[in-house]
Structures are given as structure tokens and as C-alpha cells.
2 protein chains.
Amino acid sequence: MDLKETIRSISDWPIKGVIFRDLTTLMQDPAAFMESCDILYHRYKDMGIDKIVGIDARGFVFGAVLAYKMGIGFVPVRKKGKLPCKTIQETYDLEYGSDTLEVHEDAIKKGEKVVIVDDLIATGGTVGATVKLVEKLGANLVECAFVVELPDLNGRAKIPGIKVFAITEFEGE
Amino acid sequence: MDLKETIRSISDWPIKGVIFRDLTTLMQDPAAFMESCDILYHRYKDMGIDKIVGIDARGFVFGAVLAYKMGIGFVPVRKKGKLPCKTIQETYDLEYGSDTLEVHEDAIKKGEKVVIVDDLIATGGTVGATVKLVEKLGANLVECAFVVELPDLNGRAKIPGIKVFAITEFEGE
């Protein structure tokens, strides 16, 4: 199936000039949701991954399924103030403002193989901060995986040297 | 396995007098995470459920896996300002302040059988608002499912007449 057809596009949201790609319509489509998760599963299932790192909040949707299917742990990277124990933090510029992400210090052990999952890579600010967090914890970061990439926004430039996989892309942003 | 042993308890967080139940440690434990999701799956798999409604953000972790396993759509109920299309909203008091939840108007069709999923029910404010949202959309709400219930906080009183299922509970809060 063409996953892109299940993604809804909204012009001028959240600000004028931006086309927002709404993946809630993909999540609500059983075949599209299952296919997205299965593509990620088949890509990573034989790589000896220890943990899936999901980015708050849409990354939880795809990342949790991937962790479950692989029979490994799921690590949530969260917006500031949501995690109760000792955390490390990264502040970053994102497409429409700035924000801080956190992860529990003990969520990943040094050397563990991890894949970072989010729904979409645009300018790369969010995943850039997440890469810094997992690297600070000593993780062996195998790849960053997305359902959608907006290549014209060049998010990969924020994570030089890091492998990126995206199931689909929207060009001409 | 005893799932409760995989849940970390933090005293006096986020405010004095509260014991916070941290499910990130359960999510990071593969056996505990899989067992939690499987219990929900086996409970709902033969009930003809149309969609799983997950509450922002930890409800996405368990709700997305449940939707995937059941081969049905996943509907995210989100904090205000995150959904790009036409929404309905509910403002509610929660344990440590107040907040507004939203869902896309077209996310659930009238009469669809849904289960609401969150990680934890405490005072019930969040799930109370979510129940109002799905009822406004005309859903046939089968049950609200949680990994953890804190029965002493009497969250069920916020959703009278609605069935509640919790995998485990912590008493004496």
C-alpha cells in the first residue's frame, strides 16, 4: 500500500508557510499502521538491538510497538519535567520554538545497542537532542528511524555521522 | 512475574506527600513490558473493538501496542495544541494542576467500539476528560484499561457507570 496516501497534509499549520504532515490518520488506518511498524521490525529484528528509544510523544506510538515486537525494552525520551528520577537534559531549537528533552540516567547502560524512533524528521532538532542524550549515556546508537522524512528541511545535517532510515518522504517542502 | 516489582516508586514527587509510580522501569524490562501488553491483548481481542484510544503520552506506549496486536486503528488523545485538524476539547483538574485534552473530531465514528488506555489511574481527571471526549463523538466505550490503579484515590468515581480494568494496583496511597 501507499502509506503516504494515509497521511493527511495541513497547509499553514502550526504557522503560515508550513505544510504539517498529520500521521494520526495513518495510525487510525489499521493496514497502514501495521505496515509501518512491520517495516521497522523487519529492518531491525536481526541486529541485536538492546533497546528502542522513543521520542515524546508520537515516537512512543511506533517505538513501543517496535520494542514489543522485538521483545526488548522501551526507553521514553520525554519533555522536561515528566521523569521522576535523575535525568540528563538537552535543550534544542525546534521548527516552531525551543524545548528541552530528558532521559533517565539509568535508562541505558553503556554499550547497549539502541535505535531511536520518531514519527517524522523535519529540521532535526528533536532527534539531534535525543542523539546527544543517548551518546552521553554511552549507548551504541545503530540508527535513527522515522516513518516520514522531509528531506528538503535537511534534518540529517543535525546528526552528522548518524545513520538515518525513513519509510517514506515528502519532497518539495 | 510480579509486574509491581518492575515499577519504581518515588516518594514526594512531583509534590510532597505523593508517591509517584514510575512505569519507565516496567517499559524497559522486556518481560514486564510484553506481559503488560499481552494481558490487555488477551482481554480485548475477541470483543470486536474498532479502535484503541491512547492518552498522551504514556498511554501511547501501551495503547499503540494493543492496537497493533489487535490489527485495529490507534487514536491519540492529546494535550492542547498538538492536533492540526478540527478537534473537540475537555478541560479537567488533574492531580497536580489542570490541563486540556483534545481529539480530532473525525478520529472516531459514531457507534465504534473503543477501549481507552492509559498507564495509570490515580484521581481519574485525565481519563474522565477522555471519556467525555469519546462519548461526545458517539463512541461505544467498552472499558477503560490501565496498567496500574491507585484505588485509594478513587479515580473510578470520575467515570461513573464506565467499566474499568487495571492489571495491578498499589494500595495505601
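Lettering of chains follows the sequences in order, A, B, ..., and the numbering in each one begins at 1.
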TODO: Heavy atoms only, distances under 4.5 angstrom: which of A:Thr25, A:Asp38, A:Asp29, A:Asp56 has the most pairs with chain B? Name it, please.
DONE: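 Heavy-atom pairs under 4.5 Å are most numerous for A:Asp38.
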Task: Value rounded to 0.5 Å, distance of CE in A:Met70 from CE in B:Met34 - done: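 That separation rounds to 11.0 Å.
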Task: Between CD on residue B:Gln28 and CG on residue A:Asp106, distance to nearest 0.5 Å - done: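 CG of A:Asp106 is found 7.0 Å from CD of B:Gln28.
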Task: B:Arg78 vs A:Thr24 side-chain heavy atoms within contact, under 4.5 Å - done: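 They are not in side-chain contact.
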Open item on the list: A side-chain contact here means heavy atoms from C-beta on lying under 4.5 Å apart; do A:Lys79 and B:Lys79 qualify?
Closed with: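 They are not in contact (no side-chain heavy atoms under 4.5 Å apart), so the answer is no.
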TODO: Pick one of side chain, backbone, both or neither for B:Lys82, based on which atoms fall under 4.5 Å of a heavy atom in chain A.
DONE: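 It is both, since atoms from each part get that close.
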Task: Part of B:Ala107 within contact of chain A (heavy atom distance under 4.5 Å) - done: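 Both parts, heavy atoms under 4.5 Å.
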State, to 0.1 Å, how close [X] and [Y] come at their nearest heavy-atom pair, and which atoms those are.
| X | Y | result |
| --- | --- | --- |
| A:Val61 | B:Phe74 | CG2-CE2, 3.7 Å |
| A:Gly73 | B:Pro30 | N-CG, 3.7 Å |
| A:Val65 | B:Ala64 | CG2-O, 3.6 Å |
| A:Pro84 | B:Ile10 | CG-CD1, 3.6 Å |

Open item on the list: Less than 4.5 Å to any heavy atom of chain B: does that hold for the side chain of A:Ile108, its backbone, both, or neither?
Closed with: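 Contact with chain B is absent: no heavy atom of A:Ile108 under 4.5 Å.
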In terms of heavy-atom contacts, does [atom1] of [X] have more than 12 from other residues, nucleotides or ligands at under 6.0 Å?
| X | atom1 | result |
| --- | --- | --- |
| A:Lys109 | NZ | no |
| A:Lys136 | NZ | yes |
| A:Lys163 | NZ | no |
| B:Lys132 | NZ | no |

Task: Path from B:Leu83 to B:Val75 over hydrophobic side-chain contacts below 4.5 Å - done: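 Cluster IDs for B:Leu83 and B:Val75 differ.
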- [ ] Return the orientation label for the A:Phe33 and B:Tyr68 ring planes: parallel under 30°, perpendicular over 60°, tilted otherwise.
- [x]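 Judged by the thresholds at 30° and 60°, the geometry between A:Phe33 and B:Tyr68 is perpendicular.
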